[in-house]
Amino acid sequence: AMDEAMVHFMLENPAHVTLRIYNGTGTLVQTASNEDMDAGFHMLMINTKQLASGSYQYVLQAGAAVLQRKMIVVK
């Protein structure tokens, strides 16, 4: 990602969704979403403009479900 990254996901039921970004040392650097969402397809944007180049992990949590993925920011 350079300026932004998109996360796409489907909710089978309404849920409270959080999308958090952590740097390589595990420090929380951004909360991209923290909201209630309806069932259906969703896209969330991660603004990477203020993030330094490097490896990050994003954690998407919807209710009890948790998804973790790596992301690389290149400037």
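The distance from the CG atom of Leu44 to the CG atom of Leu60 is 7.0 Å, given to the nearest 0.5 Å. Asn13 CG to Asp38 CG: the interatomic distance, rounded to the nearest 0.5 Å, is 11.0 Å. One finds the CD atom of Gln30 at 13.0 Å from the OH atom of Tyr58 (value rounded to the nearest 0.5 Å). Taken from CG in Leu11 to NE2 in His16, the straight-line distance is 12.0 Å, to the nearest 0.5 Å. Rounded to the nearest 0.5 angstrom, His42 NE2 and Ser33 OG are separated by 9.5 Å. Here Tyr56 contributes atom OH and Met71 contributes atom CE; the two are 7.5 Å apart, rounded to the nearest 0.5 Å.
For Glu12, the CD atom sits in a loose shell: 12 or fewer heavy atoms of surrounding residues, nucleotides or ligands are nearer than 6.0 Å. Dense packing is recorded around CG of Leu67, with more than 12 heavy atoms of other residues, nucleotides or ligands lying under 6.0 Å away.
Side-chain contact between Ile46 and Val7 is present, with at least one heavy-atom pair separated by less than 4.5 Å. With contacts defined as side-chain heavy-atom distances shorter than 4.5 Å, the pair Thr18/Gln61 qualifies.
Taking all atoms of both residues into account, the shortest heavy-atom contact from Ala15 to Gly63 is CB-N, 4.0 Å. Nearest heavy-atom pair across Lys75 and Lys49 is NZ-O, 3.0 Å.
Under a 4.5 Å side-chain heavy-atom criterion applied to ILVMFWY residues, the cluster that includes Met45 comprises Met6, Met10, Phe41, Met43 as well.
A distance-only check finds a donor-acceptor pair linking the side chain of Thr48 to the backbone of Met2 [under 3.5 Å].
Val59 and Val17 sit in two unconnected hydrophobic clusters of ILVMFWY residues. Membership requires side-chain heavy atoms under 4.5 Å apart, directly or through other members.
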